[in-house]
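Order of the sequence lines sets the chain letters (A, B, ...), proteins ahead of strands, with each chain counted from 1.
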There are 2 protein chains.
Amino acid sequence: MAASARRGSPLSSREIYGEALRLIDERGVEALSMRKLAAELDVNPMSLYHHVPNKEALLEGVCDLVISGIELPADDAAPWQEQLKALGVGLRAIALAHPALYPYLVSRPRLMRHDTVWEAQNRVLAAAGVPEERRPRIRNVLFAFTTGFLLTEINGVFPEPDDEAFDEAVDLIINGLSAYGSCGESGA
Amino acid sequence: MAASARRGSPLSSREIYGEALRLIDERGVEALSMRKLAAELDVNPMSLYHHVPNKEALLEGVCDLVISGIELPADDAAPWQEQLKALGVGLRAIALAHPALYPYLVSRPRLMRHDTVWEAQNRVLAAAGVPEERRPRIRNVLFAFTTGFLLTEINGVFPEPDDEAFDEAVDLIINGLSAYGSCGESGA
DNA sequence: TCGGTCAGCCATACACCGTATGGAAAGCTA
DNA sequence: TAGCTTTCCATACGGTGTATGGCTGACCGA
């Protein structure tokens with residue numbers, strides 16, 4: 001492996017994705033360019049193309065990097081209302097950690113199809129008493145509501161990052177889901 | 001007003017916005033460029049800048065154009081559940097009519113602060129029995145959920161445009177809101 | 001040790017983008 | 001007719017993503 005003329009070690013796609021994420025977090029998605037990224041890595045722009053097919057794939061890789069780092073609380077002992085909230089908090093943490101990337105992140109199916117998120121949300125729905133055959137669709141709705149709320153929050157459409165709005169949103173969903181169970185057999 | 005060398009009548013910002021919207025609907029937001037737009041209008045690219053300060057403002061104007069065309073059903077006689085659904089249907093119509101623009105549309109405060117939408121949603125919350133002091137925040141949540149669902153649907157994250165998922169989403173919100181009223185004084 | 005192979009890197013170039021600048025042309029007012 | 005304003009356009013600059021093709025140095029079988 002020919003080392004870069006300017007760097008000691010050769011590039012890796014992991015390193016590229018990491019630096020791209022850093023740039024996005026710092027200056028926004030549209031400020032990211034292959035040239036700037038290459039400069040930041042002390043490398044010729046075209047060198048990136050030996051590890052990443054194009055910019056689209058670069059962003060995809062950055063999304064994967066973030067998604068792979070998701071850690072969701074999985075406390076099956078807790079009542080489903082608390083689990084639901086914990087799930088929301090987990091997703092919100094990602095949104096707040098990478099607000100610039102988040103709109104891009106939720107605009108592709110990757111996050112939605114992520115196993116950890118899928119299973120966690122499905123588990124909550126089961127605990128809430130949602131009949132199995134309705135779970136997939138309701139879980140899609142739940143996902144859409146969650147990311148939609150976070151997007152709106154991130155985009156600054158709310159007056160400001162608003163913890164109370166978040167609580168209100170969680171409550172609204174909890175109340176909504178309660179009706180799907182056997183009419184009131186809630187835990188907590 | 002000097003007429004264009006190539007066209008009969010002079011440009012107008014309205015005409016520019018309209019054509020831009022057409023291009024966006026046809027080929028997507030990122031396919032829109034000042035040059036292509038000018039070509040479509042049979043005009044020199046720089047001519048656009050006499051009616052629109054920059055591309056950012058162009059998109060803003062396109063959003064305003066779409067928003068100004070919103071027609072929401074305002075049937076106060078109907079039970080709030082039906083009004084809520086009608087509201088959702090109205091917003092969904094915009095999303096489905098301009099799927100390419102929609103993500104851009106909801107990423108800025110314009111739509112959220114739109115009077116017609118604001119008042120209609122607030123009215124529904126009032127009819128649902130939500131206490132007045134909690135209405136603004138809950139209406140923000142409602143807005144976020146609605147646009148979030150539509151965004152997810154538009155982005156093709158769902159298997160396909162899914163009317164049943166939409167119904168499920170509406171039901172979930174209705175159930176959620178019902179808990180805010182006087183515990184069960186629902187119409188219809 | 002030698003020669004071949006090849007992954008990794010880079011220089012150049014192309015087409016496209018948004019738009020700053022400044023000048024030409026057409027209409028209105030006086 | 002003179003001047004002013006509005007509209008339009010030609011040119012140019014610095015940025016973008018990336019196609020193309022050449023270089024270089026590490027590895028490997030002989």
Say whether, by atom type as modelled, one donor and one acceptor occur between the side chain of Arg92(A) and the main chain of Leu150(A) under 3.5 angstrom. no
Test side chain to side chain donor-acceptor pair (under 3.5 Å) applied to Glu164(B) - qualifying residues, sequence neighbours left out: Arg137(A)
Would you kindly give the NZ-to-C1' distance between Lys55(A) and dA19(D), to the nearest whole Å? 18 Å
Does a nitrogen or oxygen in the side chain of Ser33(B) sit under 4.0 Å from OP1 or OP2 of dC17(C)? yes
Is any N or O donor-acceptor pair between the side chain of Arg35(B) and the base of dG18(C) shorter than 3.5 Å? yes
Sequence neighbours left out, what passes ring pair (Phe, Tyr, Trp, His ring centres under 6.0 Å) with Phe145(B)? Give chain and number order. Phe145(A)
Give the residues of residues 17-25 of chain B touching DNA chain D, defined as any heavy atom closer than 4.0 Å, sorted by residue number. none
Looking at dC9(C), I'd like to know if its phosphate oxygens (OP1 or OP2) sit under 4.0 Å from a side-chain N or O belonging to His51(A). yes
The residue, His50(B) or Glu56(B), whose nearest nucleotide of DNA chain C is more 5′ is Glu56(B)
N or O in side chain of Ser47(B) less than 4.0 angstrom from dC9(D) OP1/OP2: yes
Ignoring the backbone of Met46(A), work out which of dA11(C), dT11(D), dG17(D) is nearest its side chain. dA11(C)
Presence of Lys36(B) side-chain N/O under 4.0 Å of dC17(C) phosphate oxygens OP1/OP2: yes
